[in-house]
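Have a look at the structure below, then the notes.
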Amino acid sequence: MRRGSTATTIAALALAATAAPAMAADTVGSPGAGDPFFPLAGNGGIDVTNYSLDLAYQPASHQLSGTATLQIHATQDLSRFDLDLRGFDVGTVTVNGVEASVARDGQELMITPSHAVRTGDAFTVVVPYAGQPQTVIDPDGSSEGWVYTSDGAAVVGEPQGSPAWYPANDTPRDKATFTVSMTVPSGLTAVGNGSLQSQTTVNGVTTFTWRESYPMAPYLATITLGRFDVTTGTTPSGIPTYIAVDPRQASSASAVLRKLPAMVSFLENLYGSYPFETVGAIVDDAPQLGYSLETQTKPVFDDAPDEVTLLHELSHMWFGDAVTLGSWPDIWLHEGFATWSEWIWTEQQGGKSAAQRFKQLANTPAQQTSFWNPPPGDPGDAQHLFDGTIYQRGAMTLEALRERIGDAQFTDLLRTWYAENRYGTVTTADFVALAERVSGQDLRQFFDEWLYQPGKPSSLLDGSAATTPVG
Ligand code: TRP
Ligand code: ZN
């Protein structure tokens, strides 16, 4: 065979194709979407357009069960494709109503349809599943996925926790719409993204159906459940609000939560109109969580947030949720922007100005290397994804840019960045290109120094410090 002519090879292939109608091995969708930090997250060959999750949860036994129905568009021929799912017993999976064969390997749920899927096909996958959802521990030691609380769970998925509660194409590049129905014992509330379609109680259980009709990255989905007091209203611009507060946090949370509508207005004035149909917050009592997350339309808080934390998470609706990174090393595009938003809010409330704050932080000695490293555009590995520099030096990068190109152009840049990219995904290179377009300046060296060079940026060093090697 090695010496066989081209004609022989083609004949052999044609014969094989006739003998075995299954497609060649290279039509297997890859097990990951190629993220540098989370190589197995997401999958090749599929584009999910809608998730419909029909679930029930019993806090006493920790049992989650139900069915996920995914509408998928094939971006390549597929003899097999994967979804991401952590744990659970999986029942009979169907593709377009026909039973498919399934195998598991770690977070990969490998699905072989009985009829191969062709590029461009739209198809439906149904996955019944049940079991105790997992808490995922990240490389930085933080908990995500299904984070148990005394009365339910705080449900968060950044960066890799969503497969702990539903089968997902867990890459931020594959946004989709979501319908989530969750049945819980009456007295508990299940809070999801978007708007509440229905809430019905029958025979001691209540079903909440939530619909997120705007594109959402899988990691931003939530169905946080437990005992909650719910308040609804509208923002000054007419966005409906839904705020759920664990009664144990109610008194400490109420003053800050009253500012939520004003914060949305502030951010609308700064960046452009609010991106989604609804807004709100979920204030849980979740000591095992230990941080907040910008779950789309309703950020989740582990306890009563302070004012800048609420503002931080709301600002992520613009930068993080509407304008989303395409790969995790670009996390400063979320956290630097949210931190800078905090600075501007504080300034507008009559507190310290962003310029003052920048100046103070810029005085941090180069020798204090943990303040300056890793550089925000290059966290190095997943363990450093949420390091302080991603937030602080990320925000400093924006404030330095503001001082370099001027306030008017900087404002224009952020508004254009949002307007041109909302509902999509972006890269740092896209931001640099837009900054150069808007300002008409060559900013390559500026961004290289601020985002990618370790140590204190040389433009901040005085003469003597500049000659001292940075440790
Ligand atoms: N995105 C969260 C924020 O709003 C941060 C976050 C997610 C986080 N996971 C984390 C922070 C783990 C620390 C550890 O800032
Ligand atoms: Zn953040």
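The model shown is predicted, which means the values in this text are computed figures rather than measured ones. In this chain, residues are counted from 1 in sequence order.
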Practice prompt. On the 0 to 90° scale, with breaks at 30° and 60°, tag the F446-W450 ring pair as parallel, tilted or perpendicular.
Written response: tilted
Worksheet item: Quick one: ring-ring contact (aromatic ring centres under 6.0 Å, His included) partners of F208, sequence neighbours excluded?
Response: none
Worksheet entry | Smallest separation among heavy atoms of P275 and Y214, with atom names | O-CE2, 3.4 Å
Worksheet, complete the sentence: Scanning both residues in full, the closest heavy-atom pair of T425 with L325 reads CG2-O, 3.7 Å
Worksheet item: Hey, do the aromatic rings of F319 and Y271 have their centres closer than 6.0 Å?
Response: yes
Discussion item. Measuring from atom CG of L64 to atom CG of L55, what distance do you get when rounded to the nearest 0.5 angstrom?
Written reply: 5.5 Å
Practice prompt. Please name all residues satisfying side chain to side chain donor-acceptor pair (under 3.5 Å) with S186, sequence neighbours left out, ordered by chain then number.
Written response: T206
Worksheet item: Going from CD on Q249 to CG on D285, what distance comes out if it is rounded to the nearest 0.5 angstrom?
Response: 4.5 Å
Fill in: Residues R227 and D246 bridged, charged N to O under 4.0 Å
no
Worksheet entry | Listed partners of S327 passing side-chain contact (heavy atoms from CB on, under 4.5 Å), at least two apart | D35, P36, R173, P329, D330
Worksheet entry | Positive for side chain to side chain contact (heavy atoms under 4.5 Å, CB included) with N193, one of V180, T295, I223, T278 | T295
Practice prompt. Verify side-chain hydrogen bond (donor to acceptor under 3.5 Å, both in side chains) between N50 and T177, making sure each step is shown before the conclusion.
Written response: CA-CA 5 Å; N50 186 69; T177 53; 2.7 Å; yes
Worksheet item: Between atom NE2 of H334 and atom CG of D321, what is the distance when rounded to the nearest 0.5 Å?
Response: 7.5 Å
Fill in: Minimum side-chain heavy-atom gap R86-S162 below 4.5 Å
no
Practice prompt. Please check if any side-chain donor atom of T428 sits under 3.5 Å from a side-chain acceptor atom of W332, or the reverse.
Written response: yes
Worksheet item: Tell me the salt bridge (charged side-chain N to carboxylate O under 4.0 Å, His left out) pairs involving residues 139-158, sequence neighbours left out?
Response: D151-R248
Worksheet item: What residue among E449, Q453, Q445 forms side-chain hydrogen bond (donor to acceptor under 3.5 Å, both in side chains) with S458?
Response: E449
Worksheet item: Would W146 and Y57 count as a close aromatic pair, with their ring centres under 6.0 Å?
Response: yes
Worksheet item: For Y291 and S142, which heavy atoms make the closest approach, and how far apart are they?
Response: CE2-CB, 4.1 Å
Worksheet entry | Distance in Å, S439 OG paired with D412 CG, rounded so as to fall on 0.5 Å steps | 10.5 Å
Discussion item. Counting the benzene-type ring for Trp, do W165 and F88 have ring centres under 6.0 Å apart?
Written reply: no
Worksheet entry | side chain to side chain donor-acceptor pair (under 3.5 Å) partners for Y166, two or more places apart | none
Worksheet item: Hey, do the aromatic rings of Y51 and F178 have their centres closer than 6.0 Å?
Response: yes
Response to the item:
Between W318 and the options W340, W417, Y274, F266, the ring-ring contact (aromatic ring centres under 6.0 Å, His included) test singles out Y274
Worksheet item: Under the side-chain hydrogen bond (donor to acceptor under 3.5 Å, both in side chains) criterion, do Q368 and K456 qualify, and how do the steps go?
Response: CA-CA 9 Å; Q368 206 173 307; K456 186 169 181 172; over 6 Å; no
Response to the item:
Tightest non-hydrogen contact, residues T389 and W372, listed as CG2-C, 3.4 Å
Fill in: K175 to Y423, cation-pi by 6.0 Å centre distance and 45° axis angle
no
Fill in: Pairs touching residues 301-320 that satisfy salt bridge (charged side-chain N to carboxylate O under 4.0 Å, His left out), sequence neighbours left out
K259-E307
